Asks: 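There's a structure below that I have some questions on.
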Amino acid sequence: MQAIILAAGMGRRLGEYTKDNTKCMVPVNGVRLIDRLLHQLSGLGLSRVIIVVGYKGRELQAYIGHRYDDHLRIEYVDNPVYDKTNNIYSLSLAKQQLQEDDTLLIESDLIFGDRLFPMILEAPEPNVALVAKYESWMDGTMVRIDQDRNIVNFIPKQAFRYEDIAHYYKTVNIYKFSRQFSQHVYVPFLEAYCHALGNNEYYEQVLRVITLLDRSDLKALDIGDEKWYEIDDVQDLDIAETLFASGDEMLQRFSRRYGGYWRFPRMLDFCYLVNPYFPSLQMKNEMRANFDTLLTEYPSGMGVNSLLAGKYFGIRQQYVMVGNGAAELIKSLMENTEGRFGVVYPTFEEYPHRLQREQIVSFVPQGPDLAYTADDLIQFFGQHAVDTLLLINPDNPTGNFIPRADVVRLAQWCQEKGIRLVVDESFVDFSTDFQTNSLLDNATLESLPGLIVMKSISKSFGVPGLRLGVMASSDTALIDRLKKDVAIWNINSFAEYYMQIFGKYTGDYTRACRKFLAERDRFRRRLAEVSYLRVLPSQANYFCCEVQAPLTSAELTHRLLEEFNILIKDCNTKTALQGRNFIRISVRNRHDNDQLVEALLQIKDNAGL
């Protein structure tokens, strides 16, 4: 067995990274792609490795030098017209070598786990293509396979159909060809194809012709959950460095992304918080039906969107403003707030991060469950004067909840003391009796002009991609002032249309919330099976859990990510929780929740707890 590596391309889309080097010289987490690849090949007992070079080929050869002589016999083939040809020509230059032995054919801009080469070599079939089930990040040649793993068609970019993605597999660009297949099938077709259509094509087009003529015995081998990535541009490089990081670095890289985890479709995200049962399919279909219009038309301004938000929650237009997510509204509010600010820790730190340290008056509940009541806040802040008091209800990350009647009583006390009360009720629809727990009604707002209600639509309504939030108060002077602080077109047409049609789906939303409450109760019972977790009571769509010895929150977070591709929130970075080994776990659907519990139980068994 030999290997042929195609490494002649210029990699223009990588910009500065390939200004002075070919793509395979790009480092991923400090290790160049070519070094990683040659290291993986060095343990396979190959007769030789042929590298087809072109752009910066001399530099690549000089870099490799003789460092691998003890394990690999490396030969080079030069493509002098790399800038005028494509990889079909690079492979044709090595066609003689291709016919001299069984061959692993590899593109050099790949990064993948160590299991892939053993997988393809252990496959009993002589001619195999590694493939992966289609995911949204994938680009390039796709294939369709039959029930016997035969590749029945190669799908080039121009023939790609999104309605068929359920049947597509992406070629990983690692192949195993037998000597006989190369001699009697592939190379003759390669020569004929180049003669007829030229050298500016892809070598997989030859395989497509072969499969269309029904002369191929090329099998597909699905790599399953094995990690791999093809690096064509800086975005690919960024994702690859996250996927193939290890330990603390992997966790830090995911954390610095602040979401966007749809780029990692195999990861289970128990960190970010949304409703797993809404929007309904019918609502999604209505959004899809209007996609073209919403994509190509401008949204309305703040006036219209305030009207829609008022309709959405049943409050007056002049009392509400819409934000590009609650985060935009929090920023505007906090930057326009002066004086001392009462904060209950631990908390959602988007609020206090906008303040100077000397502005903050901290209240930290002392009980083991991190619980507190309206009376606790009245007593504490009656002795520690503040101008504004923040209440996250239910609280984040603890899930502590103060009933509506008590929140109103707290607001009345604040009004008597001249304290502005900010209540963030982003998670209130996950509370028991959710239909009566919100403060977003005209009577409440009008009776308490010092009350500001903040709500993220992303979380309980399950649409974080729309970036929607609202802030409401009967202090219309404040609302008008803050409206001038944000852009007049601060939300897009998709978010606007979602608010417009929501009223038709309130029944679906109520059913989704009830379904969620049932699943949260079931999930809590399942988490109770994990002996090293102490689960705090919660009225939100997450559980705050204390990780007990000998495990730590950091160790558990790392193990879930590295061993099971599951992301949770380690609360050790939160004020008042440092060193206390708390984690936060969101509530997802039944299937995902059970998958997390099984991973937690497996960690328990492996650790002998």
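The shown structure was predicted, so the numbers you read here are calculated from the model rather than taken from an experiment. Side-chain atoms are counted along with the backbone in the values below, which use heavy atoms only and exclude waters and symmetry mates.
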Asks: Output yes when a side-chain donor or acceptor of Asn29 lies under 3.5 Å from a complementary backbone atom of Phe244, and no otherwise.
Replies: yes
Asks: Tell me whether Asn290 contacts the main-chain N or O of Thr293 through its side chain, where contact means a donor paired with an acceptor under 3.5 Å.
Replies: no
Asks: Decide if atom OH of Tyr17 counts as having more than 12 heavy atoms of other residues, nucleotides or ligands within a radius under 6.0 Å.
Replies: no
Asks: Please determine whether side chain to side chain contact (heavy atoms under 4.5 Å, CB included) holds for the pair Val530 and Val535, giving the CA-CA distance in whole Å, both sets of side-chain angles, and the decisive distance to 0.1 Å.
Replies: CA-CA 10 Å; Val530 184; Val535 185; over 6 Å; no
Asks: Are side-chain heavy atoms of Ile603 and Leu551 found at a separation under 4.5 Å?
Replies: yes
Asks: With a 4.0 Å cut-off on N to O distance, would you call Asp139 and Lys157 a salt bridge?
Replies: yes
Asks: Check whether any side-chain N or O of Asp592 sits under 3.5 Å from a backbone N or O of Arg588 as a donor-acceptor pair, and report yes or no.
Replies: no
Asks: Please report the C-alpha distance between Tyr162 and Ile165 in whole Å, then the side-chain angles of each, then the deciding distance to 0.1 Å, and finally whether the side chain to side chain contact (heavy atoms under 4.5 Å, CB included) criterion is met.
Replies: CA-CA 5 Å; Tyr162 281 98; Ile165 58 176; 4.2 Å; yes
Asks: So do the side chains of Met454 and Tyr351 get within less than 4.5 Å of each other, counting heavy atoms only?
Replies: yes
Asks: Between Arg526 and Glu529, does any NZ, NE, NH1 or NH2 come within less than 4.0 Å of an OD or OE carboxylate oxygen?
Replies: yes
Asks: Walk me through it: do Arg522 and Glu519 pass the test salt bridge (charged side-chain N to carboxylate O under 4.0 Å, His left out)?
Replies: CA-CA 5 Å; Arg522 190 199 71 87; Glu519 176 55 24; 2.9 Å; yes
Asks: So which heavy atom on Val234 is nearest to which on Leu14, and how close?
Replies: N-CD2, 3.8 Å
Asks: Just by modelled atom types, is the Ile585 backbone N or O under 3.5 Å from a matching donor or acceptor in the Lys569 side chain?
Replies: no
Asks: Is the Phe427 to Phe401 ring centre distance short of 6.0 Å?
Replies: no
Asks: Hey, is Arg409 close enough to Asp406 for a salt bridge, meaning N to O under 4.0 Å?
Replies: yes
Asks: Heavy-atom count around Glu338 CD within 6.0 Å, excluding the residue itself: above 12?
Replies: no
Asks: Do the ring centers of Phe494 and Phe291 come within less than 6.0 Å of each other?
Replies: yes
Asks: Would you sort out whether Phe381 and Trp413 count as a ring-ring contact (aromatic ring centres under 6.0 Å, His included), showing the intermediate values?
Replies: CA-CA 11 Å; Phe381 289 105; Trp413 177 84; 7.9 Å; no
Asks: Can you classify the ring geometry of Tyr498 versus Tyr312 as parallel (below 30°), tilted (30 to 60°) or perpendicular (above 60°)?
Replies: tilted
Asks: Would a 4.5 Å heavy-atom cut-off, applied to side chains only, mark Leu600 and Leu527 as touching?
Replies: yes
Asks: Looking only at the aromatic ring of each residue, does the gap between the centers of Trp137 and Phe264 stay below 6.0 angstrom?
Replies: no
Asks: Are the charged groups of Arg580 and Glu546 less than 4.0 angstrom apart, N to O?
Replies: no
Asks: Output side-chain donor-acceptor pairs under 3.5 Å for residues 560-568, partner residues at least two apart or in another chain, one line each.
Replies:
| unit_1 | atom_1 | unit_2 | atom_2 | d |
| --- | --- | --- | --- | --- |
| Glu562 | OE2 | Gly247 | N | 2.6 |
| Glu563 | OE2 | Arg559 | NE | 3.0 |
| Asn565 | ND2 | Arg266 | O | 3.0 |

Asks: Applying side chain to side chain contact (heavy atoms under 4.5 Å, CB included), run through Leu273 and Asn396 and close with a yes or a no.
Replies: CA-CA 10 Å; Leu273 312 167; Asn396 180 6; 4.3 Å; yes
Asks: Hydrogens and angles aside, do Gln435 and Arg514 bring a side-chain donor and acceptor to less than 3.5 Å of each other?
Replies: yes
Asks: Is atom NZ of Lys417 surrounded by more than 12 heavy atoms (other residues, nucleotides or ligands) closer than 6.0 Å?
Replies: no
Asks: Do Ser553 and Asp570 have a side chain donor and acceptor closer than 3.5 Å?
Replies: yes
Asks: Would you say the rings of Tyr168 and Phe160 are close, in the sense that their centroids are separated by under 6.0 Å?
Replies: yes
Asks: According to the interplanar angle, ranging from 0 to 90°, do the rings of Phe254 and Tyr261 count as parallel (below 30°), tilted (30 to 60°) or perpendicular (above 60°)?
Replies: perpendicular
Asks: Is there a side-chain contact between Val344 and Asp395 in this structure, where contact means two heavy atoms from C-beta onward sitting under 4.5 Å apart?
Replies: yes
Asks: Report the C-alpha distance between Leu370 and Phe582 in whole Å, list the side-chain angles of each, state the deciding distance to 0.1 Å, and finish with yes or no for side chain to side chain contact (heavy atoms under 4.5 Å, CB included).
Replies: CA-CA 11 Å; Leu370 307 173; Phe582 280 96; 4.3 Å; yes
Asks: Under the 3.5 angstrom rule, does the side chain of Asn490 hit a backbone N or O of Val322 as a donor-acceptor pair?
Replies: yes
Asks: Just checking Gln383: does its CD atom have more than 12 heavy atoms from other residues, nucleotides or ligands closer to it than 6.0 angstrom?
Replies: yes
Asks: Is it the case that atom NZ in Lys515 sees more than 12 heavy atoms from other parts of the structure closer than 6.0 Å?
Replies: no
Asks: Of all residues at least two apart in sequence or in a different chain, which pass the salt bridge (charged side-chain N to carboxylate O under 4.0 Å, His left out) check with Arg511?
Replies: Asp508
Asks: Can you find a pair of side-chain heavy atoms, one from Val422 and one from Leu333, that are under 4.5 Å apart?
Replies: yes
Asks: Closer than 4.0 angstrom, basic N to acidic O: yes or no for Arg420 and Asp475?
Replies: yes
Asks: Is Thr436 reaching over with its side chain to a backbone N or O of Asp433, donor-acceptor style, under 3.5 angstrom?
Replies: yes
Asks: Quick check: are there more than 12 heavy atoms from other residues, nucleotides or ligands sitting under 6.0 Å from CZ of Arg257?
Replies: yes
Asks: For the CG atom of Leu268 and the CG atom of Leu596, what is their distance to the nearest 0.5 Å?
Replies: 8.0 Å
Asks: Mind checking the NE2-CD spacing from His384 to Gln379? Nearest 0.5 Å is all I need.
Replies: 10.0 Å
Asks: Within this structure, what is the CD1-CG distance for the pair Ile419 and Asp387, rounded to the nearest 0.5 Å?
Replies: 8.0 Å
Asks: Apply the ring-ring contact (aromatic ring centres under 6.0 Å, His included) test between Phe516 and each candidate in Phe461, Tyr509, Tyr542, Phe430; give the one that qualifies.
Replies: Phe430
Asks: May I ask you to say whether Lys504 pairs ionically with Glu286, meaning some side-chain N is under 4.0 Å from a carboxylate O?
Replies: yes
Asks: Tell me, do Val597 and Leu601 make a side-chain contact under 4.5 Å, heavy atoms counted?
Replies: yes
Asks: Does Asn336 reach the main-chain N or O of Ser332 with its side chain, forming a donor-acceptor pair under 3.5 Å?
Replies: yes
Asks: Quick one: does any side-chain atom of Asp269 pair with a main-chain N or O of Cys271 as donor and acceptor, under 3.5 Å?
Replies: yes
Asks: Please determine whether a side-chain nitrogen of the Lys or Arg among Glu328 and Arg354 lies less than 4.0 Å from a carboxylate oxygen of the Asp or Glu.
Replies: no
Asks: Could you check whether any side-chain N or O of Lys459 sits under 3.5 Å from a backbone N or O of Asn275, counting only pairs where one atom can act as donor and the other as acceptor?
Replies: no
Asks: Do you know which two heavy atoms are closest between Leu556 and Val547, and how far apart they sit?
Replies: CD2-CG2, 3.9 Å
Asks: Considering only heavy atoms from C-beta outward, does the side chain of Gln317 approach that of Leu308 to under 4.5 Å?
Replies: no
Asks: Should Lys455 and Asp424 count as side-chain neighbours, where that means a heavy-atom distance under 4.5 Å?
Replies: no
Asks: Just do the salt bridge (charged side-chain N to carboxylate O under 4.0 Å, His left out) check on Arg263 and Asp238 with the steps written out, would you?
Replies: CA-CA 11 Å; Arg263 299 183 187 277; Asp238 174 67; over 6 Å; no
Asks: Under a 3.5 Å distance rule, please check whether Asn393 uses its side chain to pair with a backbone N or O of Ile402 as donor and acceptor.
Replies: yes
